[in-house]
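The structure appears below as structure tokens.
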Amino acid sequence: MARGSREVLTLQLGHFAGFVGAHWWNQQDAALCRPTDAKEQPGELCPDVLYRTGRTLHGQETYTPRLILMDLKGSLSSLKQEGGLYRDKQLDAAIAWQGKLTTHKEEIYPKNPYLQDLLSAEGVLNSDGIWRVKSIPNGKGPPPFTTTTTPKPVIPTEGSIRVWSDFLRVHLHPRSICMIQKYNHDGEAGRLEAFGQGESILKEHKYLEELEDRLHFYVEECDYLQGFQILCDLHSGFSGVGAKAAELLQDEYSGRGIITWGLLPGPYRLGEPQKNIYRLLNTAFGLVHLSAHSSLVCPLSLGGSLGLQPEPPVNFPHLQYDAALPFHCGAILATALDTVTVPYRLCSSPVSMVHLADMLNFAGKKVVTAGATIPFPLVPSQSLPDTLMQLGEATPWTPLSACGDPSGTCCFAQSVVLRGLDRACHTSQLTPGTPLPSPLHACTTGEEVLAQYLQQQQPRVRSSSHLLLTPCKVVPPYPYLFSSSLSQQGLVLDGPPTGAGFPFPSLRSSGEHPSARGPLLLFILEPDPGRFGQRSRQTRPAALGQLHGRWSGTG
């Protein structure tokens, strides 16, 4: 464990949270690979904030997420609850009893073909049943496993994805998965549908003790625990589970940051009125109770509204996705989450979870909204000042909190992260002596450009900004969502890639994806949770700082 890494423990509650979390951990896993590009600067984000070191029964070091995951019976598919990282087949086979034995085996759900290819490609499972674990960053751990040939990466098809464990490529610690056996994931009977059902789960001694034991296991090994992040379904009974979990964390770990990401899938169907009522009530109860026990709560959804009146899903100009597929929605939200959490995962000068929450809180209101641009609309040979100046009052942000049209509302505070831009394009590239088109072109660093732009657009808003060189890596099994107007590096092209570049059709077969340049994410305060799901009146063209609902009125 890195010294002074300011650890964070993640709680992942619910099945859609599992889809977002699987993509999230896959992206963290991709970022652990040592950079091969000399232009890529390693070390901006500290992986030890989210990961822990351990050792298998065979003495090999491991690097697994600091994670507690809760889901319903039938949601794991071929993934074993105890994982496979610490199993010993020889010990499993050793039986002291000499009498007659009767063995009862549950039928094993077939493993997704994508995961079979993944294990073969990474070489993590040897013929003797021992896991060969990926090398730990910073030179810790065994050397990476190598093979004579490198198999071509495989992208899973949407039809092969049934549950989130079908595409999770990260090995979990045996204490990570906690199954709720009294409710079913599949079928119409025994479903976890209501907020009160979820609350009652953690009132039962069995599940409460199991959660507390896992919390103590992870917390006691931390040198400096800065807090907890909760990925929680809002639309189902897991909103009640999340509320009770946040209450438990607040009682037992007072003073630590608790940031909750309330997750909702894409648009819902009108033909299910009872389920829609449950969804609305669960979301409302969840926001109220989670905000009472969390430092900060942020809903994340690609739907247009949280209310009963359905709205079209949000649109990204350079992404093509199916809003009805959790596999697609989870990927986009995980990409946003990977960047919006940057402030408290930095190696140098990190912003603690408590400080971030304090900056965005207003009069005790803890609900915030988020927005993203995936990717940031940078054109080849263009600088950051050029792009920001061209935006003018038009904004590239896409709201991700299902709060309707935020125009005409005011902003109190914001946290902005821009990542993946080469240092060469941070500042003006004009020839010396050329008249400067804007004050942004006079800035000497990219950080100064971004800060001054935010100050110009919103002079009365409290802003915090971060500019990172490291892009957000998206690799298989991340779905193929990018339009042909993007280069492999995530730059916006006038037409389809040509010449010596990588044409997009080849990316589908090779398993490569363009880097998610950006996303440029915006955290802005929403003091009044009652406004979620309502559409604001359009009063004037939205400027950069008026992307999300803040508070009503003129002052």
Side-chain angles (χ1 to χ4, degrees), residues 12-24 71 75 156-164 166-167 185-186 191-193 231-239 261-284 286-287 298-338 340 369-374 397-406 474 477-483 516 519 521 532-535 548:
Q12 192 172 297
L13 311 175
H15 199 69
F16 183 64
F19 274 88
V20 177
H23 281 296
W24 155 272
D71 208 340
S75 61
T157 62
E158 285 75 6
S160 68
I161 302 299
R162 190 180 66 93
V163 294
W164 54 263
D166 284 337
F167 64 95
H185 166 64
D186 293 317
R191 302 298 296 271
L192 183 60
E193 295 182 306
L231 279 65
C232 176
D233 286 1
L234 281 182
H235 62 291
S236 69
F238 272 102
S239 62
W261 308 98
L263 304 171
L264 298 104
Y268 55 92
R269 294 188 293 269
L270 278 176
E272 302 175 336
Q274 184 176 1
K275 291 184 178 181
N276 292 337
I277 291 293
Y278 275 133
R279 179 189 58 80
L280 179 62
L281 292 176
N282 291 333
T283 302
L287 287 175
C298 180
L300 290 176
S301 174
L302 298 185
S305 171
L306 299 183
L308 287 177
Q309 184 64 32
E311 299 285 347
V314 298
N315 176 57
F316 292 87
H318 302 291
L319 296 184
Q320 300 169 356
Y321 72 98
D322 185 348
L325 291 178
F327 183 54
H328 285 185
C329 294
I332 296 175
L333 293 182
T335 302
L337 194 63
D338 187 40
V340 82
T369 60
T373 294
I374 307 174
W397 271 268
T398 299
L400 292 179
S401 295
C403 57
D405 185 356
V474 288
Y478 197 94
Y480 189 86
L481 307 176
F482 304 96
S483 73
L521 281 112
F532 276 100
Q534 302 178 13
R535 297 187 65 84
H548 308 281

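Note that CD1 of Ile374 and CG of Leu400 are 6.5 Å apart. Values are rounded to the nearest 0.5 Å. Distance check, rounded to the nearest 0.5 Å: OG of Ser401 to CG of Leu300 gives 5.5 Å. Between atom CG of residue Leu13 and atom CH2 of residue Trp261 there is a gap of 15.0 Å, rounded to the nearest 0.5 Å. Atom OG1 in Thr283 sits 4.5 Å away from atom CG in Leu264 (nearest 0.5 Å).
Residues forming a side-chain contact (heavy atoms from CB on, under 4.5 Å) with Leu280 (at least two apart in sequence, or on another chain): Leu308. Evaluation of the side chain to side chain donor-acceptor pair (under 3.5 Å) rule for His328 yields Glu158 as partners, not counting sequence neighbours. Here Arg191 pairs with nothing under the side chain to side chain donor-acceptor pair (under 3.5 Å) rule; sequence neighbours left out. For Phe19, the ring pair (Phe, Tyr, Trp, His ring centres under 6.0 Å) criterion is met by His15, Phe167, not counting sequence neighbours. Legend: residues meeting salt bridge (charged side-chain N to carboxylate O under 4.0 Å, His left out) with Asp338, ordered by chain and number and at least two apart, are Arg345, Arg419.
Between Phe16 and Cys329, the closest side-chain pair of non-hydrogen atoms falls below 4.5 Å. Residues Asp71 and Phe238 have side chains in contact (heavy-atom distance under 4.5 Å, counting atoms from C-beta outward).
Considering every non-hydrogen atom in both Ile161 and Asp166, the closest pair reads C-OD2, 3.8 Å. A pairwise comparison of heavy atoms in Leu337 and Trp24 identifies O-CZ3, 3.5 Å as the closest pair. Taking both residues in full, the closest heavy atoms of Leu234 and Pro299 are given as CD1-CB, 4.4 Å, listed atom of the first, atom of the second, then distance. Smallest separation of non-hydrogen atoms from Thr369 and Cys298: C-SG, 4.1 Å. When every heavy atom of Val163 is checked against every heavy atom of His185, the shortest pair comes out as CG1-NE2, 4.0 Å.
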For residues 315-324, which side-chain N or O atoms pair as donor and acceptor with protein atoms under 3.5 Å away, sequence neighbours left out?
{"unit_1": "His318", "atom_1": "ND1", "unit_2": "Ser485", "atom_2": "OG", "d": "3.0"}
{"unit_1": "Tyr321", "atom_1": "OH", "unit_2": "Val314", "atom_2": "O", "d": "2.5"}
{"unit_1": "Asp322", "atom_1": "OD1", "unit_2": "Ala324", "atom_2": "N", "d": "3.0"}

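Aromatic rings of Phe327 and His23 (six-membered ring for Trp) have centroids within the 6.0 Å cut-off, being under it.
No donor-acceptor pair closer than 3.5 Å links the side chain of Ser239 to the backbone N or O of His235.
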